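Report on the following structure.
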Amino acid sequence: MTAKPEDDGPTIAMLARESFYRLFADEAIPLAGNIAFRTVFSVFPFLIFLTALAGFFGNDNLAEGVVTFLLGVAPAELVKPLVPEIRSILTVPRTGLLSLSALITIWSAMGGVDSVRVGLNRAYDLRETRSTLWLYFQNILFVIGSAVFLLVFALLIVFAPVMIQVIELHAPALRGHFVTIEQLRYPIGIVLLTLGVLFCHRVLPAKPRSVLSVLPGVILTVAVWVIMSSAFSIYLVNFNTFASTYASLSGIFAAMFFVYLAALVLILGGEVNRVLEVRRIMRMQRFREQGDGEV
């Protein structure tokens, strides 16, 4: 007879309890604060780098197009205080990719990427064995690759309406079968978010991981982020205490607090994946032991 593993899979409550225990044991709270600070610190330099890269490609409007799209997806109450500053950055033409701002961008964004790496390594019980030089190089590639990806996506935003108009002009009978970018704004935003989180889980940890092994944590992270963004928007509209506490800085501190919570959820996704991985390994060990006992 072929031995079968016992049907004693963990319940959702057990997984949640163990994942949260690991979250606190791995000191995720200070790590999430580090990620939040470095992320907010690097946002504006990254936008400067993005506009410089767009100018280098010969189209200054690409950066503004993709940022406008992303601002439309983000919670309105959360980004509203930051929109004027973001607009002021995007309206300044920049072409100096090797300028001081580009170096500051890479340095600050590298810190955010490195903090995410440390958090995921702890979540997956991994010790970093790669050289410091390689990690710096990977951080730089991560920042530049993110900017290039956003600009390529901006090209799709620009050319998609033109393509739809051409199709409608030559085949008006198909008009009802097409949807606009505006109608797909939120689904596209969720897809981009999922791909970004999946890429972080696969690339940043010290040991490469398969898509299937990280998918539960990725789905959990994106789902909680979507729910959290809606709940936080409602809170800012109805119960906002940031304005009375931080006055004119309330928008920045609200954004930082939201990123802090998002970073905690990101690390929690890694903890969930690790708990599932340990359970899977233990189940396979029992399966082998039962098989050896029946030989």
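Keep in mind that this is a model prediction, so the values were computed, not measured.
Looking at Arg130 and Glu128, a side-chain N of the basic residue comes within less than 4.0 Å of a carboxylate O on the acidic one, giving a salt bridge. Salt bridge Glu18/Arg279: present, at least one basic N to carboxylate O contact under 4.0 Å. Taking 4.0 Å as the cut-off between side-chain N and carboxylate O, Arg274 and Glu277 count as a salt-bridged pair.
There is no path of hydrophobic side-chain contacts, each under 4.5 Å, that joins Val143 to Leu135. Note on Phe232: it does not cluster hydrophobically with Ile227, by side-chain heavy-atom contacts below 4.5 Å among ILVMFWY residues. Taking hydrophobic clusters as Ile, Leu, Val, Met, Phe, Trp and Tyr residues chained together by side-chain heavy-atom distances below 4.5 Å, Leu215 does not share a cluster with Leu193. Note: the hydrophobic cluster containing Ile190 also contains Val211 (ILVMFWY, side chain heavy atoms under 4.5 Å, direct or indirect links). Clustering ILVMFWY residues whenever any of their side-chain heavy atoms sit less than 4.5 angstrom apart, transitively, puts Val203 in a cluster other than the one holding Phe137.
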Query raised in the report: Which is it for Gln138 and Arg117 under the side-chain contact (heavy atoms from CB on, under 4.5 Å) test, yes or no, and what are the steps along the way?
Result: CA-CA 11 Å; Gln138 186 188 57; Arg117 175 187 292 108; 2.4 Å; yes

Report task. Determine, stepwise, if the pair Leu198 / Val214 fulfils side-chain contact (heavy atoms from CB on, under 4.5 Å). Result -> CA-CA 7 Å; Leu198 181 63; Val214 303; 3.4 Å; yes

Requested in this report: Give the intermediate values and the outcome of side-chain contact (heavy atoms from CB on, under 4.5 Å) for residues Val116 and Leu120.
Outcome: CA-CA 6 Å; Val116 174; Leu120 291 178; 4.0 Å; yes

Report task. Might you work through the side-chain contact (heavy atoms from CB on, under 4.5 Å) test for Val272 and Leu15, ending with a clear yes or no? Result -> CA-CA 7 Å; Val272 169; Leu15 288 175; over 6 Å; no

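Atom OG1 in Thr194 sits 8.0 Å away from atom CD1 in Ile219 (nearest 0.5 Å). Taking CG of Asn121 as the reference point, atom CG of Leu31 lies at 10.5 Å (rounded to 0.5 Å). To the nearest 0.5 angstrom, Thr39 atom OG1 is 10.5 Å from Phe37 atom CZ. Residue Phe253 holds its CZ atom at 15.0 Å from OH of Tyr260, rounded to the nearest 0.5 Å. In this structure, CG on Asp114 lies 9.0 Å from CG on Leu204, to the nearest 0.5 angstrom. Interatomic distance, Cys200 SG to Leu195 CG, rounded to the nearest 0.5 Å: 11.0 Å.
Across all non-hydrogen atoms, the minimal contact from Met228 to Leu261 is SD-CB, 3.6 Å. Across every non-hydrogen atom of Met256 and Val40, the tightest pair is CA-CG2, 3.9 Å. When all heavy atoms of Ile267 and Ile35 are compared, the closest pair comes out as CD1-CD1, 4.3 Å. Across all non-hydrogen atoms, the minimal contact from Ala36 to Val259 is CA-CG1, 3.7 Å. Nearest heavy-atom pair across Leu264 and Ala28 is CD2-O, 3.8 Å.
Below 30°, between 30° and 60°, or above 60°: for Tyr124 and His201 the angle between ring planes is above 60°, a perpendicular geometry.
A distance below 6.0 Å separates the ring centres of Phe142 and Phe199.
Inspection of the Ser213 and Ser210 side chains reveals an N or O donor paired with an N or O acceptor under 3.5 Å. In summary, the side chains of Arg209 and Asn273 do not present any donor paired with an acceptor at a separation below 3.5 Å, with no hydrogens or angles considered.
Few gaps surround CD1 on Ile281; more than 12 heavy atoms of other groups in view lie less than 6.0 Å from it.
For the side chain to side chain contact (heavy atoms under 4.5 Å, CB included) with Leu266, the lone residue among Val222, Val218, Val197 that qualifies is Val197.
Within the 3.5 Å criterion, the main-chain N or O of Ala123 finds a donor-acceptor partner in the side chain of Arg22.
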